[in-house]
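Okay, so here's the structure we're looking at.
What you are looking at is a predicted structure, and each value in this text was computed from that prediction instead of being measured.
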Amino acid sequence: MTGTPRKPRPRRTFSAFGDVRKMPTEYEIVTHGQNWTMRRNRSGAFEQNPSSPPNLWFLTYRDKSPLAVDDWEEFRDPDALTYRAYVNLQSDAEAKSGGVLAEYAKAGADKRLAPGQTGLLASLHTPSRYLVHGFQQIQAYVGYMAPTSYVTNAAGFATADLLRRLTLIAYRTRELQLAHPEAGFGTGEREKWERDESWQPARRAVERALVSYDWGEAFTALGLVLGPTLDDVLLRQFGEASAQSGDEESWLLSKYLQEDADRRLRWSTALAAFAVRRRGGNEEVLRRWIDRWTPAADDAAAGLGSLLARYGPRSWTTERVVSEASAARRVCHARVFAGTGETGEVPAERKGA
């Protein structure tokens, strides 16, 4: 007796993830395979002539980037953020920062700031919105050019984080302008960004990164070099110096913004470590880019450090600022190259996507 062929069992998971036996997470379901420019059997990123300018741009600066792996879809954001999770997370964060702003405004704290702290805010903090906007543009470009939606989404949330930071700096600028109309708040920041010698190394670094078109180099410049270095100066060290000068509001707000910077560093470190594990040549590529951008980051830290040394507590020196900022960057690199960071990979039971 000849039996009839047995019908294949229906899949219990999503076919885009291959022949797997475990249900994908909500994060994976809403993130996986959403980058249309990476669709299979494509002749170009866009449905245009393959030699059209947009297709040639993506071919040159993404598909032929020296930073490459066989399957970027196996990367995972360590925080596994979805849009819903991000909105809830930042709603809580905004409630905290809004509460701080309201309480200190009610107490009239800005009018009681020490002269040195007022100078530090006017010379370092409020002009930093130009740098942050540059970071935001670079991060948005990385997300736009990324070879997987797992990176596009993480970069998109990081771009929103930087917009939040920029908005908060602008809000504080107006508050400080009202409390100290003679100090140049709200009117002098552009001049400092474009002309002040202490800001020029940072401005040059950001403007160079804005014209680094290879997506991998742009990612490395911001995520692994400029970001870790200058966030340490503008958030952690600025916050600690402010606390020592009696400005608890700036210290608290900097700590809240540091959470966003730390989250960006987690996925950036995880992505770089993922690339190193997946293709041996990627370590050399990343080290070459890191070596290219490190002097610019240290010069920028030195320039900003001179402002901390001038207006901050006596314990702050330019040498200290650069040393601590470069140490923060080296910790990031140790996680990338020594494999001590987040795995950033799809779990073994779901491989095969």
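Ring pair Y27/Y150: centre-to-centre distance below 6.0 Å. Aromatic ring centroids of F157 and Y83 lie 6.0 Å or more apart.
No more than 12 heavy-atom neighbours from other residues, nucleotides or ligands sit within 6.0 angstrom of CZ on R190. Heavy atoms from other residues, nucleotides or ligands lying under 6.0 Å from CG of D92 number more than 12. Surrounding CD of E197 are at most 12 heavy atoms belonging to other residues, nucleotides or ligands under 6.0 Å away. Under a cut-off of 6.0 angstrom, the local environment of CZ in R39 is crowded, with over 12 non-hydrogen atoms contributed by other residues, nucleotides or ligands. For CD of Q34, the number of neighbouring non-hydrogen atoms (other residues, nucleotides, ligands) closer than 6.0 Å is greater than 12.
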TODO: Decide side chain to side chain donor-acceptor pair (under 3.5 Å) for T37 and R42; before the verdict, give the C-alpha distance in whole Å, the side-chain angles of both, and the deciding distance to 0.1 Å.
DONE: CA-CA 8 Å; T37 66; R42 68 187 189 280; over 6 Å; no
Task: Pair L124-W199, side chain to side chain contact (heavy atoms under 4.5 Å, CB included): steps then yes or no - done: CA-CA 9 Å; L124 181 67; W199 273 103; 4.2 Å; yes
- [ ] Run the numbers on Y86 and D161 for side chain to side chain donor-acceptor pair (under 3.5 Å), then give the verdict.
- [x] CA-CA 10 Å; Y86 178 79; D161 289 340; 2.6 Å; yes
Open item on the list: Test side chain to side chain donor-acceptor pair (under 3.5 Å) on E217 and Y61; report intermediate values, then the result.
Closed with: CA-CA 9 Å; E217 183 172 5; Y61 297 120; over 6 Å; no
TODO: Quick one: do S52 and N55 satisfy side chain to side chain donor-acceptor pair (under 3.5 Å)? Show the steps, please.
DONE: CA-CA 5 Å; S52 69; N55 277 328; 3.3 Å; yes
Task: Verdict with supporting geometry, V233 and E324, side chain to side chain contact (heavy atoms under 4.5 Å, CB included) - done: CA-CA 8 Å; V233 178; E324 294 187 8; over 6 Å; no
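Using bins of under 30°, 30° to 60° and over 60° for the plane-to-plane angle, the ring pair W36/F46 lands in the tilted bin. Between W72 and W215, the ring planes lie perpendicular to each other; the angle is over 60°, past the 30° to 60° tilted range.
Put simply, the side chain of S97 gets close to the backbone of E94: a donor and an acceptor are under 3.5 Å apart. The backbone N or O of A241 lies less than 3.5 Å from no partner atom in the side chain of Q244, so there is not a single donor-acceptor pair. A distance-only check finds a donor-acceptor pair linking the side chain of T152 to the backbone of T148 [under 3.5 Å]. Under the 3.5 Å distance criterion, the side-chain polar atoms of S91 are left unmatched by any main-chain donor or acceptor of V87. Without hydrogens or angle criteria, D231 side chain to Q258 main chain gives no donor-acceptor distance under 3.5 Å.
Taking the ring centre of F337 as origin, the terminal cationic atom of R287 falls inside the region bounded by 6.0 Å and 45° from the ring axis. Cation-pi contact between R208 and W293: present, with separation from the ring centre below 6.0 Å and deviation from the ring axis of at most 45°. A cation-pi contact, defined as under 6.0 Å to the ring centre and within 45° of the axis, links R320 to W316.
Side-chain atoms of R165 and S128 form no donor-acceptor pair, as typed in the model, at a separation below 3.5 Å. Side-chain N/O atoms of T269 and R335 include no donor and acceptor closer than 3.5 Å. Checking Q200 against D196 by side-chain atom types alone, no donor-acceptor pair falls below 3.5 Å. Neither side chain, S306 nor R310, offers a donor N or O lying under 3.5 Å from an acceptor on the other.
Closest approach of M38 and P147 over heavy atoms only: CG-O, 3.3 Å. Shown here for P66 and V285, the closest heavy-atom pair between the two residues is O-CG2, 3.7 Å. Taking all atoms of both residues into account, the shortest heavy-atom contact from N35 to A146 is ND2-O, 2.8 Å. Scanning all heavy atoms of the two residues, the minimum distance from Y141 to A218 falls at CD2-CB, 4.3 Å. The minimum heavy-atom distance linking D110 with E249 is given by the pair OD1-OE1, 3.6 Å.
Residues T167 and Y171 fail the side-chain proximity criterion, which asks for heavy atoms closer than 4.5 Å. Annotation: side chain of F135 is in contact with side chain of V206 (closest heavy-atom distance under 4.5 Å). Contact of the E182 side chain with the H180 side chain is registered, since non-hydrogen atoms from C-beta on lie closer than 4.5 Å.
Criterion: ILVMFWY side-chain heavy atoms under 4.5 Å apart, direct or through other members. Under it, L304 and V225 are part of a common hydrophobic cluster.
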